[in-house]
Amino acid sequence: MSAVKNWQTTRPTISERAKFLLNNNHLSDAKFVALQRGGENESKKAIPAHKFILAISSPVFEAMFFGELAETKETIELPDCEYGSLLELFRYMYSDEVNLSGRNVMGVLYLAKKYQVSSLFDKCTEYLQLNLDPSNVLSILLTAQRYEEKDLIDRCWEVIDSGAEFAVKSDGFETIERSLLESVVARARNTLAIEEVELFKAIDTWAAKQCQKQGFGVSGKMKRKVLGEQIVTAIRFPLMKHNEFATVVLDTNILTCDEIVTFFKFYSSTLTSPLGFPETPRIKQAAFPRCGRFQSVSEEFFTYRGDKHYLCFKVDKDVMLHGLRLLGSENNKYTVNLEVRDCSTYHWTVMVSKSGIFTAKVFQYTIFPIHGFDVLFDPPAQLKKGTRYRLSAKISGPPSLEGTGGLDTVRSSGVTFKFSSVNFKDNGTDISTGQFLEFIFCEVRY
């Protein structure tokens with residue numbers, strides 16, 4: 001940018017005058033050269049700068065230009081940063097403004113830390129917290145751990161816990177550091193929302209990629225070597241179904257012959273020695289919020305006649321729907337076919353479904369005990385805010401308790417559920433009465 005005559009007179013404030021000098025050769029007394037990447041091409045590009053403005057914004061630049069060992073060269077090369085990120089650092093120093101994006105935020109964060117611009121560092125971590133999702137959370141967690149940003153680390157783990165299956169299937173999972181993989185597998189809190197077989201598949205893929213990267217042949221023995229015993233022994237193989245273990249785990253050849261024999265004894269209920277692998281479920285459903293829509297439960301029993309129960313609903317925030325609690329009667333079994341459909345699509349796409357036989361147990365609901373059972377989705381369904389969904393369930397079994405005093409709007413853990421009835425003949429559920437006692441969910445925060 002060339003100098004403009006009498007430029008000061010048209011910019012009445014110092015902030016406007018400083019902003020004018022950004023990336024401007026006028027009065028410049030330093031140049032910074034950084035790499036600019038465009039596709040597969042790479043080139044160097046210079047940014048003119050003003051030592052005084054940089055020095056009053058950063059103690060590092062003050063020492064660089066005005067300290068005892070002041071830099072005397074006019075052109076300073078910075079091989080550790082990218083041109084766009086450096087320009088945003090300077091933009092903030094000249095104007096208190098910054099244009100953050102998914103492409104540049106990590107680079108700006110690094111520079112803000114390096115040059116001790118703490119207010120910009122805070123803006124970067126705030127941006128990352130607001131834009132976390134399962135596809136980028138692992139790379140952001142590594143950065144948060146490197147800079148010991150506890151709040152950001154905690155938010156990353158919340159996203160990983162609720163969106164684990166999406167996180168391990170993201171493009172970046174195959175390249176994460178081994179230490180982070182170990183942290184995920186050995187997650188101390190049992191709130192990782194993923195089935196063990198899906199987590200194992202991701203671990204096996206990671207190990208195979210590491211073998212290729214390190215020039216090893218991809219074999220079960222080498223995959224186990226790159227994983228290490230701490231990761232392998234933290235995998236909760238006992239949580240897998242017999243057919244999952246047989247069709248997925250055995251083909252990877254990661255387990256030893258002795259371990260395989262032990263597992264066959266485990267599945268045949270003939271094992272008498274310790275298994276050697278954790279058996280605690282990863283998902284404690286009590287850890288997830290529940291949205292209860294009834295104010296009371298009727299003392300009279302509802303008789304199932306093989307008809308379906310329908311209910312429509314919306315949420316005001318993106319959520320992961322982990323399942324539902326239905327009503328029943330003490331120790332009785334119920335056959336359920338449950339599904340959730342997206343009403344905004346032409347074919348009313350099925351988001352998730354679950355079938356099975358469930359036994360009613362006693363639970364505490366508000367201030368009184370009830371009998372019911374949880375139907376949990378595998379994996380959970382990701383629901384979008386403002387989208388209308390239809391819940392349906394075909395239930396058969398003994399007479400059941402029935403919810404009463406239903407509400408059309410319920411707010412739970414910061415998420416608002418809006419319910420509406422479906423006017424189908426013989427529908428045993430509507431807003432005010434019926435089934436679908438509680439929605440088990442967690443908010444997805446991006």
Side-chain angles (χ1 to χ4, degrees), residues 133-135 162-170 193-199 201-202 241 243-244 247-248 283 285 288-291 293 304-328 334-358 372-397 410 412 415-431 434-444 446:
D133 64 52
S135 68
S162 62
E165 184 150 1
F166 299 94
V168 303
K169 291 180 179 179
S170 65
I194 189 171
E195 291 297 313
E196 201 68 18
V197 67
E198 297 301 324
L199 178 60
K201 289 176 184 177
K241 299 171 185 174
N243 67 311
E244 292 173 339
T247 58
V248 177
I283 304 174
Q285 294 299 334
F288 295 119
R290 291 172 179 258
C291 174
R293 64 189 199 92
Y304 293 112
R305 298 183 177 86
D307 45 14
K308 280 193 175 182
H309 294 251
Y310 295 91
L311 187 71
C312 287
F313 68 99
K314 293 181 180 180
V315 286
D316 69 339
K317 295 179 181 178
D318 290 359
V319 301
M320 300 294 294
L321 183 64
H322 291 275
L324 287 103
R325 176 166 289 175
L326 276 62
L327 289 163
Y334 297 85
T335 300
V336 178
N337 294 294
L338 181 67
E339 70 175 23
V340 179
R341 289 180 179 263
D342 181 350
C343 301
S344 68
T345 61
Y346 180 76
H347 295 292
W348 286 44
T349 305
V350 176
M351 299 295 297
V352 68
S353 62
K354 184 65 178 282
S355 299
I357 300 174
F358 305 87
F373 52 92
D374 289 346
V375 180
L376 304 178
F377 298 133
D378 175 21
Q382 185 166 15
L383 308 183
K384 296 295 185 182
K385 65 178 182 181
T387 299
R388 185 169 178 262
Y389 297 98
R390 192 191 74 184
L391 178 64
S392 67
K394 186 173 183 180
I395 309 169
S396 59
V410 180
S412 175
V415 177
T416 299
F417 285 72
K418 181 78 173 177
F419 303 105
S420 57
S421 299
V422 179
N423 295 320
F424 288 167
K425 184 180 179 182
D426 297 325
N427 179 16
T429 288
D430 56 21
I431 292 176
Q435 280 292 333
F436 310 134
L437 178 72
E438 291 178 326
F439 288 65
I440 307 166
F441 72 99
C442 63
E443 182 182 349
V444 177
Y446 299 104

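The chain is numbered in sequence order, starting from 1.
- Of all heavy-atom pairs spanning Gly397 and Tyr304, the tightest one is O-CD1, 3.8 Å.
- Side-chain contact between Phe377 and Leu324: present, with at least one pair of heavy atoms (C-beta onward) separated by less than 4.5 Å.
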Would you sort out whether Phe373 and Leu326 count as a side-chain contact (heavy atoms from CB on, under 4.5 Å), showing the intermediate values?
CA-CA 6 Å; Phe373 52 92; Leu326 276 62; 3.7 Å; yes

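- Using a 4.0 Å cut-off between charged nitrogen and carboxylate oxygen, Glu198 and Lys169 count as a salt-bridge pair.
- Taken from CZ in Arg325 to SG in Cys291, the straight-line distance is 13.0 Å, to the nearest 0.5 Å.
- One distance of note links CG of Leu327 with OG1 of Thr429; it measures 9.0 Å at 0.5 Å rounding.
- You'll find the ring centres of Phe419 and Phe436 outside the 6.0 Å limit.
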Decide yes or no on side-chain contact (heavy atoms from CB on, under 4.5 Å) for Val168 and Leu199, but give the supporting numbers first.
CA-CA 7 Å; Val168 303; Leu199 178 60; 4.1 Å; yes

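- Counting heavy atoms from C-beta outward, Phe439 and Leu321 have side chains that approach closer than 4.5 Å.
- Looking at Arg293, its side chain does come within 3.5 Å of a backbone N or O of Ile431 through a donor-acceptor pair.
- A heavy-atom distance below 4.5 Å is found between the side chains of Leu383 and Tyr389.
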Trace of the side-chain contact (heavy atoms from CB on, under 4.5 Å) decision for His322 with Cys442
CA-CA 8 Å; His322 291 275; Cys442 63; 3.3 Å; yes

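- To the nearest 0.5 Å, atom CZ of residue Arg290 and atom CD of residue Glu438 are 5.0 Å apart.
- A 4.5 Å side-chain heavy-atom check between Tyr310 and Leu391 finds every atom pair outside the cut-off.
- Taking Glu339 as the reference, Arg341 meet the salt bridge (charged side-chain N to carboxylate O under 4.0 Å, His left out) condition, with sequence neighbours excluded.
- When all heavy atoms of Asp430 and Ser421 are compared, the closest pair comes out as CB-OG, 3.2 Å.
- Distance CD1/Ile357 to OG1/Thr335: 4.5 Å, rounded to 0.5 Å.
- Not one N or O on the side chain of Ser353 forms a donor-acceptor pair closer than 3.5 Å with the backbone of Leu338.
- To the nearest 0.5 angstrom, Lys384 atom NZ is 9.0 Å from Met351 atom CE.
- Residues Leu376 and Ile440 are in side-chain contact: their nearest non-hydrogen atoms beyond the backbone lie under 4.5 Å apart.
- Side chains of Ser355 and Asn337: a donor on one and an acceptor on the other come within 3.5 Å.
- Every residue two or more places apart in sequence or in another chain was checked for a salt bridge (charged side-chain N to carboxylate O under 4.0 Å, His left out) with Arg390, and none qualifies.
- Looking at heavy atoms from C-beta onward, Val336 lies out of side-chain contact with Lys394 at the 4.5 angstrom threshold.
- Between atom CZ of residue Phe417 and atom CZ of residue Phe313 there is a gap of 7.0 Å, rounded to the nearest 0.5 Å.
- Ion pairing between Lys354 and Asp374 fails under the 4.0 Å rule for side-chain N and carboxylate O.
- Looking at every heavy atom in both residues, Cys312 comes nearest to Val422 through SG-CG2, 3.5 Å.
- Asp318 and Lys385 are not joined by a salt bridge, as no carboxylate oxygen comes within less than 4.0 angstrom of a charged side-chain nitrogen.
- The minimum heavy-atom distance linking Ser344 with Thr387 is given by the pair OG-CG2, 3.7 Å.
- Counting heavy atoms from C-beta outward, Lys317 and Phe441 have side chains that stay 4.5 Å or more apart.
- With contacts defined as side-chain heavy-atom distances shorter than 4.5 Å, the pair Val315/Thr416 does not qualify.
- Between the Thr247 side chain and the Asn243 main chain, a donor and an acceptor come within less than 3.5 Å of each other.
- Judged by distance alone, with hydrogens and angles left aside, the side-chain atoms of Ser392 form no donor-acceptor pair with the main-chain N or O of His309 at under 3.5 Å.
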